[in-house]
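Scroll down for the structure; my scribbles are underneath it.
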There are 2 protein chains.
Amino acid sequence: MTETDPTQIKGFDRARQAAARALTEDYVEMISDLAAEFGEARITDLAARLGVAHPTATKAVARLKREGLAISRPYRGVFLTEEGEALAETVRARHRVVVALLRAVGVPEEVAELDAEGIEHHVSSRTLAAFEAYLNRKTD
Amino acid sequence: MTETDPTQIKGFDRARQAAARALTEDYVEMISDLAAEFGEARITDLAARLGVAHPTATKAVARLKREGLAISRPYRGVFLTEEGEALAETVRARHRVVVALLRAVGVPEEVAELDAEGIEHHVSSRTLAAFEAYLNRKTD
DNA sequence: CCAAATTTGTAGCCAAAGCTACATTTCGCT
DNA sequence: AGCGAAATGTAGCTTTGGCTACAAATTTGG
């Protein structure tokens, strides 16, 4: 057998775990956005914005409810719990930093928005901190 | 219905497609690495390095073969086709650029390696080009 | 205020990626 | 050469995130 570099495995594992969290983060952020815009998040709007069929959104919301991130009653809108709101704010803040960092190193606005959607879920807290420090230095 | 911002949907779709490509890219890159190190990639080593059970690696290799990226015969090593090697080189080059970019904005070496494993799959060609340009400017 | 349109829920299917358990083949060594 | 260990293959289960089709509830407009 080959000796296996634990750092490498760790990287793949982290990437897989991040991929698993990504869906949750996307839904929570979107519910928060819709609530801000319309006062509530409807399943149909959620599905439309995420580009999936509505039963897919229904299932995802069921999972969020299981995890204590959202609440809802049949035929009524979806709302975030306090914990859900907190997660949404974290995700939104990280998204802003990632977009700003991409812009700062020369990525065009529109591309930055698109790529950030995928990249943000893989940015660890330490990398996020480094991004923030860099942006602060640049701004001074 | 709410009018839906097409840019937003596009971002999520891209993120999902990137997630789907990520596995293929990881396997191809790893096969290439192992081939460079040992002359061939064995299923067991592949599985160990990616942190999965060996039947999982077997299935993934079967998919690569279906897609024309790899070839193998029972109880023999796995090898990349020309197309597979080309993909591996692309992936490896992108990985190097992403790590370099992270390092350049102040992310610690070890963290950069870990996060890059997840981030790289979401870096579009235009963002990659921006990264390269930035690194060139910095180096001058 | 009722019928039609819209929205939501539910059932049931598929594909992908993971796993364990077990069978088979190949390798390494005496 | 042959035997035990290691590697690979295969079967089959689970979970997850998608989908379509259809049923039920709610909203809306005439």
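The sequence lines fix the lettering, A, B, ..., with proteins before strands; numbering per chain opens at 1.
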5'-most contact on DNA chain D: A/Leu23 or B/Gly77, nearest heavy atom basis? B/Gly77
So does B/Arg16 get a side-chain nitrogen or oxygen closer than 4.0 Å to the phosphate oxygens (OP1/OP2) of D/dG18? yes
Spacing between B/Tyr27 atom OH and C/dA17 atom P, to the nearest angstrom: 9 Å
salt_bridge(B/Glu83, B/Lys65) N-O dist < 4.0 Å: no
D/dA21, D/dA11, C/dG18: which one has an atom nearest the side-chain heavy atoms of A/Pro55? D/dA21
Any carboxylate oxygen within less than 4.0 angstrom of a Lys/Arg side-chain nitrogen, looking at B/Arg126 and A/Asp115? no
Side chains of A/Thr24 and A/Leu87: closer than 4.5 Å at any heavy-atom pair? yes
Taking only side-chain N and O atoms of A/Thr44, does any of them lie within less than 4.0 angstrom of OP1 or OP2 on C/dT7? no
To the nearest Å, give me how far apart CG (B/Asp13) and C1' (D/dG17) are. 14 Å
Roughly how many Å is it from CG in A/Leu50 to P in D/dT16, rounded to a whole number? 19 Å
B/Phe12 CZ to D/dG18 C1', in whole Å, measures 16 Å
Report the distance from atom CD1 of B/Ile43 to atom P of C/dT25, rounded to the nearest whole Å. 17 Å
Polar atom pairs (N or O), protein with nucleotides 24-28 of chain D, under 3.5 Å:
unit_1 : atom_1 : unit_2  : atom_2 : d
D/dA24 : N3     : A/Tyr75 : OH     : 3.4
D/dA25 : O4'    : A/Tyr75 : OH     : 3.2
D/dT27 : OP1    : A/Arg76 : NH1    : 3.0

By centroid distance (under 5.5 Å) and plane angle (under 30°), are B/His54 and D/dT8 in a stacked arrangement? yes
Between A/Thr56 and D/dG17, is there a contact of a side-chain N or O with OP1 or OP2 at under 4.0 Å? no
Testing B/Glu120, B/Glu132, B/Glu113, B/Glu89 for salt bridge (charged side-chain N to carboxylate O under 4.0 Å, His left out) with B/Arg96, which one passes? B/Glu89
In terms of hydrophobic clustering (I, L, V, M, F, W, Y; side-chain heavy atoms under 4.5 Å; direct or indirect links), are A/Phe131 and B/Val111 co-clustered? yes
Toward the 5' end of DNA chain C, which comes first, B/Gly51 or B/Arg66, by nearest nucleotide? B/Arg66
Mind checking ring-ring contact (aromatic ring centres under 6.0 Å, His included) for B/His121 and listing every partner two or more places apart, or none if nothing turns up? none
Could you state the CG-P distance from B/Asp45 to D/dA6, rounded to the nearest angstrom? 14 Å
From the set C/dG18, C/dG12, C/dT20, return the single nucleotide nearest to any side-chain atom of A/Lys59. C/dG12
Any A/Arg63 side-chain N or O less than 4.0 Å from OP1/OP2 of D/dT15: no
Are side-chain heavy atoms of A/Val52 and B/Arg16 found at a separation under 4.5 Å? yes
Between P on D/dG18 and CG on A/Leu46, what's the gap in Å once rounded to a whole number? 12 Å
Could you give the CZ-to-P distance, from B/Arg42 to D/dA5, as a whole number of Å? 18 Å
